[in-house]
Structures are given as structure tokens and as C-alpha cells.
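We're numbering straight along the sequence, starting at 1.
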Amino acid sequence: MPAEWALFRAASDGRTHDVTAARHGHITSHLRAVGLAAFADLGFLGLDGDVDNPVVITGYRAARSRQLTAAQKEANKLIARERAANEHGIADLKNWRIITKLRLNPKHATALLRALLVLTKAEITR
């Protein structure tokens, strides 16, 4: 197993919110330890407390009283572009109904989903 795969924790039940799972799995400290960063959606805002050197990069959210600047909109587009390949891989797994029909211990499901994402990525790059 590659060293960077040590970042990925075992799957948890679907009731667990992504940010909660990331906090319990200490994702930010694992990313820092191996010198990697991750792009995330706006649901992960506030996960990484280090504003000077973030490892979880999220976009910007507009508030009622404050619209996004042109630079913030461009940053959101760049982040969305980078996240697209992974989002497509997860969408493929959902379309193939692998995730919905999976009735395994989450520990075993994690290995299966890792392998399927690698195969999906290999197919996309072909």
C-alpha cells in the first residue's frame, strides 16, 4: 500500500457528516505530516484552523451582506476544476450502484472503494 494511502481512514456509517469524520480521523494532521494538501467543498469550511498554511483548501462563501469579489469567484472556479475528477469518480461509483448495494463491514468497504477509485481514474486517463 502506498504511503499516502495511510491518510485515508476506514469508511464510517452514512450518518456521520464529512467534517465530523475528518476531525475524528485527524485528517489535517495526517496531511501535514506527509506534506500534502486537499481540495474540499464549502462543507469543510473551518476544518483547518491554520489560516497561514492550510492543508484543506476550500472555496469562498458569499454572505448576505457581502458578495464575492472577482478574485474569489476565480478561486472558486479553480478549486471546482481540480475537484471535478474525484467528483466524477464518486458519481461513477454511485451510478454503478456499488455504494448503495454494498453490505460489508466498513473496514472491508474501504479497501474495495479505494481499488474502484483507482480503476476509475485509470480508465479516465486512458
Side-chain angles (χ1 to χ4, degrees):
M1 178 166 44
E4 60 269 8
W5 282 31
L7 293 172
F8 302 107
R9 298 304 225 176
S12 57
D13 29 342
R15 298 176 302 221
T16 307
H17 192 274
D18 294 341
V19 173
T20 304
R23 284 188 178 127
H24 286 285
H26 306 287
I27 295 298
T28 54
S29 60
H30 289 295
L31 286 169
R32 269 193 186 78
V34 294
L36 293 175
F39 288 109
D41 61 18
L42 293 178
F44 287 87
L45 281 173
L47 175 66
D48 193 1
D50 188 358
V51 283
D52 294 331
N53 186 19
V55 292
V56 177
I57 301 165
T58 57
Y60 295 95
R61 181 180 286 155
R64 287 185 190 180
S65 60
R66 182 185 57 84
Q67 295 296 318
L68 294 179
T69 65
Q72 289 172 330
K73 288 180 184 179
E74 186 64 28
N76 281 351
K77 285 180 189 177
L78 292 172
I79 292 170
R81 188 178 306 141
E82 292 299 320
R83 292 182 54 241
N86 289 332
E87 295 292 337
H88 286 277
I90 295 295
D92 286 341
L93 293 177
K94 288 180 180 179
N95 285 336
W96 299 334
R97 300 201 174 145
I98 291 171
I99 296 174
T100 57
K101 293 184 178 184
L102 199 60
R103 301 289 182 255
L104 292 172
N105 182 334
K107 180 176 64 175
H108 301 298
T110 302
L112 177 64
L113 290 175
R114 283 179 186 157
L116 288 170
L117 281 173
V118 168
L119 290 173
T120 302
K121 186 174 181 178
E123 182 66 26
I124 289 170
T125 57
R126 226 164 42 125

Inset, instruction - Please identify each residue that fulfils side-chain contact (heavy atoms from CB on, under 4.5 Å) with R83, with sequence neighbours left out. - result: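 Only F39, D41, I79, E87 meet the side-chain contact (heavy atoms from CB on, under 4.5 Å) criterion with R83.
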Inset, instruction - Quick one: list whatever passes side-chain contact (heavy atoms from CB on, under 4.5 Å) with N53, sequence neighbours left out. - result: D50
Search all heavy atoms of [X] against all heavy atoms of [Y] and return the closest pair with its distance.
X   : Y   : value
G43 : V19 : O-CG2, 2.9 Å
V56 : A40 : CG1-CB, 3.8 Å
H26 : S29 : O-OG, 2.9 Å

Legend entry - Listed once per pair and sorted, the salt bridge (charged side-chain N to carboxylate O under 4.0 Å, His left out) pairs that draw on residues 58-69, sequence neighbours left out: none
Inset, instruction - Can you measure from CG (L47) to CD1 (I57) and round to the nearest 0.5 angstrom? - result: 12.0 Å
Inset, instruction - To the nearest 0.5 Å, tell me how far Q67 CD sits from K73 NZ. - result: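 Here the rounded value is 7.0 Å.
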Legend entry - Heavy atoms of other groups near F44 CZ, more than 12 under 6.0 Å: yes
Legend entry - Beyond-backbone contact of L42 with L45, side-chain heavy atoms, under 4.5 angstrom: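 SC-SC contact between L42 and L45 confirmed.
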